[in-house]
Amino acid sequence: MSEDLDRIREKWLEKSAGAASTVALMAVQVAALGKSGEITALVKQLGQIPSERRKEEGQRRNQLKEAVTAAIEARRAVLEAEELEAKLTSDRVDVTLPPAPAPQVEGRIHPISQTVDEIVAIFGEMGFKVAEGPDIEDDFHNFTALNIPPEHPARQMHDTFYLPPRADGSRLLLRTHTSPVQVRTMQKTTPPLRIIAPGRTYRCDSDMTHTPMFHQVEGLVVDETSHM
């Protein structure tokens, strides 16, 4: 019987090593160790062996089962690595290739742009015009004209992106809000005014709930008949 177990072991070790895919290896595992597998049947037959031989024979059959199981798992690890590599290779995208011609590629409007467009459309129906201003501002339009005092924390480096000093010592900055657009509009336009100022703004905030560049929409109404 020992020779039979050795023959069975070699057979299933060869089948495991020869499996060319994880699907083929699964078939080997079912045939050898499945509910009706050959090795499973050998283990189930232990009860039919005389008691004086049962312990020794049980050890041999368990060793057979463990050896085939280990061989299958080792082969599975190799095959899964090979199949993953093949999939990554086949799915690889050459980003240096030119884009496919239309209509195969259809563009989409960014969600933020969609939101801004919807806001502009809503306020446009109420008679508001869109006003714009520069992203790079000076201290006057971003702070002073809005009555933000020199010692205000918003002017500090930890809140504001400042550009390198100019020859006269003054410094431009990335606007921290779209309020400078209101200032510039009032400087060059005679009331009545009814505008919104959508645009990018910049602050030294960066965590789970803040981004250093975000969008704002401000509204301004100046009219003798305006009220709340």
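All values below come from the heavy atoms of this structure, side chains included, with hydrogens, waters and symmetry mates left out.
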Can you confirm whether Arg61 sits close enough to Ile49 that some side-chain heavy atom of one is under 4.5 Å from a side-chain heavy atom of the other? yes
Rounded distance [0.5 Å steps], CE in Met213 versus CZ in Arg200: 5.5 Å
So Asp139 and Ser170, side-chain hydrogen bond (donor to acceptor under 3.5 Å, both in side chains) or not? Walk me through it. CA-CA 8 Å; Asp139 182 272; Ser170 63; over 6 Å; no
Can you confirm whether Lys129 is buried at NZ, in the sense that more than 12 heavy atoms of other residues, nucleotides or ligands lie under 6.0 Å from that atom? no
Donor-acceptor contact below 3.5 Å, side chain Thr189 vs main chain Met186: no
Indicate yes or no for a side-chain donor-acceptor contact from Arg171 to the backbone of Leu163 under 3.5 Å, with no hydrogens or angles considered. yes
Minimum heavy-atom distance Val130-Pro198, with the two atoms named: CG1-CD, 3.9 Å
Check Glu56 with Arg53, please: is the shortest side-chain N to carboxylate O separation under 4.0 Å? no
Are Ile8 and Val43 joined in one hydrophobic group, where the rule is that I, L, V, M, F, W and Y side chains link up if heavy atoms are under 4.5 Å apart? no
Shared hydrophobic cluster, Leu193 / Val221 (ILVMFWY, side-chain heavy atoms < 4.5 Å): no
Between Ser113 and Ile109 (side chain of the first, backbone of the second, donor and acceptor by atom type, cut-off under 3.5 Å), is there such a pair? no
With the 4.5 Å side-chain cut-off for hydrophobic clustering, are Leu173 and Phe161 part of the same group? no
If we check side chain to side chain contact (heavy atoms under 4.5 Å, CB included) with Leu146, which of these qualifies: His177, Gln182, His141, His152? His177
Measure from the side-chain N and O atoms of Arg175 to the backbone N and O of Glu137, and report whether any donor-acceptor pair falls under 3.5 Å. no
Decide whether Val30 and Leu13 are clustered together by the hydrophobic rule: side chain heavy atoms of Ile, Leu, Val, Met, Phe, Trp, Tyr closer than 4.5 Å, transitively. no
Within a radius of less than 6.0 Å around CD1 of Ile136, do more than 12 heavy atoms belonging to other residues, nucleotides or ligands occur? no
Pairwise distance CD1(Ile196) to CD(Glu132) - rounded to 0.5 angstrom: 10.5 Å
Determine all donor-acceptor pairs shorter than 3.5 Å in which one atom belongs to a side chain in residues 77-85; sequence neighbours excluded.
| residue | atom | partner | partner atom | Å |
| --- | --- | --- | --- | --- |
| Glu83 | OE1 | Thr22 | OG1 | 3.2 |
| Glu83 | OE2 | Thr22 | N | 3.0 |
| Glu83 | OE2 | Thr22 | OG1 | 3.2 |

In short, Lys35 meets Lys44 closest at the heavy-atom pair O-NZ, 3.3 Å
Give a yes or no on whether the backbone of Ala19 and the side-chain of Arg75 come within a donor-acceptor separation of less than 3.5 Å. yes
So, Thr178 and Glu218: side-chain donor and acceptor under 3.5 Å apart, yes or no? yes
Please work out which of the three classes, parallel, tilted or perpendicular, describes the rings of Tyr162 and Phe143, given edges at 30° and 60°. tilted
If you measure from CZ on Phe123 to CD1 on Ile195, what distance do you get to the nearest 0.5 Å? 11.5 Å
Report yes or no: do Arg9 and Gln63 form a side-chain donor-acceptor pair below 3.5 Å? no
To the nearest 0.5 Å, what is the distance between CZ on Arg166 and CG on Asp168? 5.5 Å
Taking Asp223 for the side chain and Ser226 for the main chain, is one N or O donor matched with an acceptor at less than 3.5 Å? no
Does Thr185 reach the main-chain N or O of Val181 with its side chain, forming a donor-acceptor pair under 3.5 Å? yes
Would Arg54 and Glu57 satisfy salt bridge (charged side-chain N to carboxylate O under 4.0 Å, His left out), going step by step from the backbone distance to the final call? CA-CA 5 Å; Arg54 191 174 301 156; Glu57 194 63 33; over 6 Å; no
Pairwise distance OG1(Thr201) to CG(Asp135) - rounded to 0.5 angstrom: 9.0 Å
Counting distance only, does the side-chain N/O of Ser21 pair as donor-acceptor with the main-chain N or O of Ala24 below 3.5 Å? yes
Considering all heavy atoms of both residues, which atom of Ile72 and which atom of Leu25 are nearest to each other, and what is their separation? O-CD2, 3.4 Å
For residues Ile122 and Val116: do they belong to one hydrophobic cluster (side chain heavy atoms under 4.5 Å, members Ile, Leu, Val, Met, Phe, Trp, Tyr)? yes
Side chain to side chain donor-acceptor pair (under 3.5 Å) with Thr176: of Asn142, Asp159, Thr160, only one passes, and it is Asn142
Looking at CG of Leu64 and CD of Gln59, how far apart are the two atoms once the value is rounded to the nearest 0.5 Å? 13.5 Å
So, does Thr69 use its side chain to make a donor-acceptor pair with the main chain of Lys65 at under 3.5 Å? yes
